[in-house]
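Some notes on the structure that comes next.
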Amino acid sequence: MVGTAGEPGARPGLATHVDDVRLLPEELALASRNHGMPLEALRYDVTPVGLHYLLIHFDIPVLDPEGWRLEVGGLVDRPLSLSLEDLRARPAVTVPVTMECAGNGRTALLPRAVSQPWGLEAVGTGRWTGTPLAPLLAEAGLRPEAVEVVFTGADRGMEGGIEQDYQRSLPVAEAGRDEVLLAHELNGRPLPPQHGFPVRLLVPGWYGMASVKWLRRIEAVGEPFQGYQQVRSYRLRRDADDPGRPLDRILPRALMVPPGIPDFATRERIVPPGTTRLEGRAWSGHGPIVRVEVSADGGVTWSDAQLGEPASPWAWTPWWLDWEPAGPGRHELRCRATDRAGNVQPEEAPWNWGGYANNGHQRVPVVVT
Ligand SMILES: Nc1nc2c(c(=O)[nH]1)N[C@H]1C(S)=C(S)[C@@H](COP(=O)(O)O)O[C@H]1N2
Ligand SMILES: [Mo]
């Protein structure tokens with residue numbers, strides 16, 4: 001999201017990585033545009049719209065719903081040009097979906113990639129309403145030689161020295177999955193500007209970058225798409241020269257509502273003696289959450305939390321555990337999730353160039369009074 005030093009559009013001398021916990025002014029500016037979800041909002045099944053996280057690479061485009069058209073073209077027999085009314089008139093489904101940014105947890109990976117400096121708040125669950133994409137692709141007559149579908153947003157900017165529209169592709173098989181939607185409502189209202197008005201793609205189970213906002217074109221292509229957000233960004237790379245491998249499905253993560261009360265400046269938690277209910281949510285794009293464990297001694301011993309029912313197969317699973325502190329003083333709480341595919345959250349996730357997919361344990365220092 002910030003160019004590398006020496007590339008046009010990037011500020012001269014702006015580092016690609018910093019080996020320092022302190023943020024650069026550029027990172028702070030990104031952080032105040034793109035806010036996270038305050039972790040106490042983990043209490044909601046469906047995140048109130050203003051508390052859902054935001055990630056916007058460029059500027060929020062202002063689109064006129066009257067003049068807006070979604071073009072469907074490329075390797076199709078019958079190209080389509082759809083108005084918002086056309087899309088709203090199609091069969092619609094409503095489904096709670098947990099979305100997480102692939103950069104969530106980035107600030108804990110040092111040296112830190114200079115980009116959106118997420119702590120752990122880049123997550124939220126929306127109740128999205130939209131029309132399934134697959135029948136629309138079928139109506140357009142997707143040709144057998146199509147290998148990917150490219151989605152183009154109406155936002156444009158510079159990244160990595162390249163001027164671009166925000167664009168991402170999906171393999172044809174992924175684009176054709178039942179749960180992939182063209183969403184036009186969030187929590188029962190038209191999409192707000194910041195979440196992609198009038199229509200966005202929604203790819204449940206995938207990191208957020210796949211869910212292209214402000215959609216204006218869908219194009220079937222015969223070769224893998226080579227756009228910046230596909231081949232440079234959103235990949236697990238060792239270094240600048242490593243092509244790496246693409247990110248797709250969300251790795252498991254559990255987060256807890258930080259217990260007790262916070263100190264204003266440091267956010268340190270102050271917890272009363274006696275029983276405290278620890279609660280939170282866990283999710284994965286690799287299948288349902290089958291286990292959440294909690295540690296109160298910095299990851300030495302773990303106890304199983306109780307699991308509730310997610311609001312949909314694509315939404316986070318509630319969990320809770322009553323904790324009896326061993327005594328007053330400092331404790332480090334942690335939680336970790338396991339999904340049905342057998343993925344367990346690691347203590348430390350591997351460092352990578354872009355600072356992605358850091359699903360290491362959440363650590364919550366608390367002071368018991
Ligand atoms: N057109 C467009 N779509 C986009 C983005 C963007 O900058 N432009 N950001 C992506 C990223 S990286 C994420 S994590 C999600 C965030 O969606 P939200 O802001 O609605 O939470 O949108 C994705 N879709
Ligand atoms: Mo993201």
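In this chain, numbering begins with 1 at the start of the sequence shown. Reckoned from all heavy atoms, side chains included, excluding hydrogens, waters and symmetry mates. Note that this is a predicted model, so its numbers are computed, not measured.
- When hydrophobic clusters are built by joining Ile, Leu, Val, Met, Phe, Trp and Tyr residues whose side-chain heavy atoms come closer than 4.5 Å, directly or via intermediates, Leu251 is grouped together with Leu236.
- For the atom pair Leu142 CG and Asp77 CG, the distance stands at 9.0 Å (nearest 0.5 Å).
- A donor-acceptor contact closer than 3.5 angstrom is absent between the side chains of Asn359 and Gln345.
- With hydrogens and angles left out, the side-chain atoms of Thr47 and Thr125 include no donor and acceptor closer than 3.5 Å.
- Checked by atom type and distance alone, the side chain of Gln230 pairs as donor or acceptor with a backbone atom of Ser169 at under 3.5 Å.
- One distance of note links CH2 of Trp118 with CD of Glu100; it measures 10.5 Å at 0.5 Å rounding.
- Under the 4.5 Å side-chain criterion, counting only non-hydrogen atoms from C-beta, Leu133 is not in contact with Leu181.
- Under a 4.0 Å N-O distance rule, the pair Asp297/Arg334 does not qualify as a salt bridge.
- We find that Glu174 and Arg249 are joined by a salt bridge, their nearest charged nitrogen and carboxylate oxygen being less than 4.0 Å apart.
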### CA sep, side-chain torsions, deciding dist, call: Arg281, Asp45, salt bridge (charged side-chain N to carboxylate O under 4.0 Å, His left out)
CA-CA 9 Å; Arg281 306 270 172 176; Asp45 260 343; 2.8 Å; yes

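- Contact record, Pro259 with Val364: CD-CG1, 4.1 Å, taken as the closest heavy-atom pair.
- Salt-bridge annotation for Arg330 and Glu268: present, with a side-chain N of the basic residue lying under 4.0 Å from a carboxylate O of the acidic one.
- Look at Asp165 and Arg216 and you find a salt bridge, because one of the NZ, NE, NH1 or NH2 atoms lies within 4.0 Å of a carboxylate O, short of that distance.
- The local environment of CZ in Arg238 is sparse, with at most 12 non-hydrogen atoms from other residues, nucleotides or ligands closer than 6.0 Å.
- Under the 4.5 Å side-chain heavy-atom criterion for grouping Ile, Leu, Val, Met, Phe, Trp and Tyr, Val76 is connected to Leu182 within one hydrophobic cluster.
- For His331 and Trp323, the ring centers are positioned less than 6.0 Å apart.
- Classified by interplanar angle (parallel below 30°, tilted 30° to 60°, perpendicular above 60°), the ring pair Trp353/His17 is tilted.
- In this structure, His195 has its ring center no closer than 6.0 Å to that of Trp214.
- A 4.5 Å side-chain heavy-atom check between Asn104 and Tyr53 finds every atom pair outside the cut-off.
- Under a 3.5 Å cut-off, the side chain of Ser295 and the backbone N or O of Trp302 do not form any donor-acceptor pair.
- Within 6.0 Å of CZ in Phe58 there are more than 12 heavy atoms belonging to other residues, nucleotides or ligands.
- Ser115 and Arg106 form a side-chain donor-acceptor contact under 3.5 Å, judged by distance and modelled atom types alone.
- Nearest heavy atom pair, residue Tyr166 against residue Met209, reads OH-O, 2.8 Å.
- No donor-acceptor pair under 3.5 Å is formed between the side chain of Arg336 and the backbone N or O of Glu293.
- Residues Trp314 and Glu179 are in side-chain contact: their nearest non-hydrogen atoms beyond the backbone lie under 4.5 Å apart.
- For the side-chain hydrogen bond (donor to acceptor under 3.5 Å, both in side chains) with Gln164, the qualifying choice from His57, Gln229, Arg156 is Gln229, the only one to do so.
- Counting heavy atoms from C-beta on, the side chains of Leu55 and Asn34 come closer than 4.5 Å.
- A 6.0 Å sphere centred on CG of Asp178 holds no more than 12 heavy atoms belonging to other residues, nucleotides or ligands.
- Counting heavy atoms from C-beta outward, Tyr228 and Ser233 have side chains that approach closer than 4.5 Å.
- Screening residues 121-136 for salt bridge (Lys or Arg N to Asp or Glu O under 4.0 Å) gives no qualifying pairs among residues at least two apart or on separate chains.
- Annotation: cation-pi geometry not satisfied between Arg253 and Trp283 (NZ/CZ under 6.0 angstrom from ring centroid, within 45° of ring axis).
- Leu54 and Ile60 fall within a single hydrophobic cluster, where Ile, Leu, Val, Met, Phe, Trp and Tyr are joined by side-chain heavy atoms under 4.5 Å apart, directly or via other members.
- Two residues are said to be in side-chain contact when any heavy atoms from C-beta on lie closer than 4.5 Å; Pro135 and Arg90 meet this criterion.
- A salt bridge between Glu27 and Arg22 is absent, with no side-chain N of the basic residue lying under 4.0 Å from a carboxylate O of the acidic one.
- A salt bridge links Arg217 to Glu219: at least one charged side-chain nitrogen sits closer than 4.0 Å to a carboxylate oxygen.
- Here Trp316 contributes atom CH2 and Ile250 contributes atom CD1; the two are 11.0 Å apart, rounded to the nearest 0.5 Å.
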### Task
Apply the test side chain to side chain contact (heavy atoms under 4.5 Å, CB included) to residues Arg200 and Ser211: give CA-CA distance (whole Å), side-chain angles for both, the deciding distance (0.1 Å), then the verdict.
CA-CA 7 Å; Arg200 81 177 302 170; Ser211 293; 3.8 Å; yes

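- Asn358 contributes a side-chain N or O that, together with a main-chain N or O of Gly105, makes up a donor-acceptor pair within less than 3.5 Å.
- For the pair Arg78 (side chain) and Glu139 (backbone), a donor-acceptor distance under 3.5 Å is present.
- Linking ILVMFWY residues whenever their side-chain heavy atoms come closer than 4.5 Å, directly or via other members, leaves Met37 and Val46 in distinct clusters.
- In plain terms, the two heavy atoms of Ala315 and Pro310 that are nearest each other are O-CB, 3.4 Å.
- Residues Leu201 and Ala210 share a closest heavy-atom pair of CD2-O, 3.3 Å.
- Remark: side-chain polar atoms of Lys213 are not paired, donor with acceptor, to backbone N or O of Gly153 under 3.5 angstrom.
- Pro262 and Ile270 get closest at one heavy-atom pair: C-CD1, 4.4 Å.
- Connection of Val290 to Trp320 is not established within any shared hydrophobic cluster, with ILVMFWY side chains joined at heavy-atom distances below 4.5 Å, either directly or through further cluster members.
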#### Entry: From CA spacing to verdict: side chain to side chain contact (heavy atoms under 4.5 Å, CB included), Arg232, Gln226
CA-CA 9 Å; Arg232 300 300 290 168; Gln226 299 296 312; over 6 Å; no

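- A salt bridge links Glu348 with Arg363; the closest basic N to acidic carboxylate O contact falls under 4.0 Å.
- For the residue pair Leu191 and Glu185, the shortest heavy atom distance occurs at CD2-C, 3.6 Å.
- To the nearest 0.5 Å, atoms CG (Leu70) and CG (Leu80) are separated by 8.5 Å.
- Going from atom CZ of Arg168 over to atom CZ of Phe151 covers 10.5 Å, rounded to the nearest 0.5 Å.
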### Task
Check the pair Ile289, Arg291 against side chain to side chain contact (heavy atoms under 4.5 Å, CB included), reporting the backbone distance first and the verdict last.
CA-CA 6 Å; Ile289 293 296; Arg291 188 176 198 189; 6.0 Å; no

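- The side-chain heavy atoms of Trp319 and Val294, taken from C-beta on, include a pair separated by under 4.5 Å.
- In this structure, the ring of Tyr207 has its center no less than 6.0 angstrom from the ring center of Tyr234.
- Atom CD of Glu145 sits in a crowded spot, with more than 12 heavy atoms from other residues, nucleotides or ligands closer than 6.0 Å.
- Annotation: side chain of Pro192 is in contact with side chain of Val49 (closest heavy-atom distance under 4.5 Å).
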### Task
Determine, stepwise, if the pair Leu333 / Val366 fulfils side chain to side chain contact (heavy atoms under 4.5 Å, CB included).
CA-CA 7 Å; Leu333 303 175; Val366 301; 3.8 Å; yes

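- Arg143 contributes atom CZ, which lies 6.0 Å from atom CG of Leu75 (distance to the nearest 0.5 angstrom).
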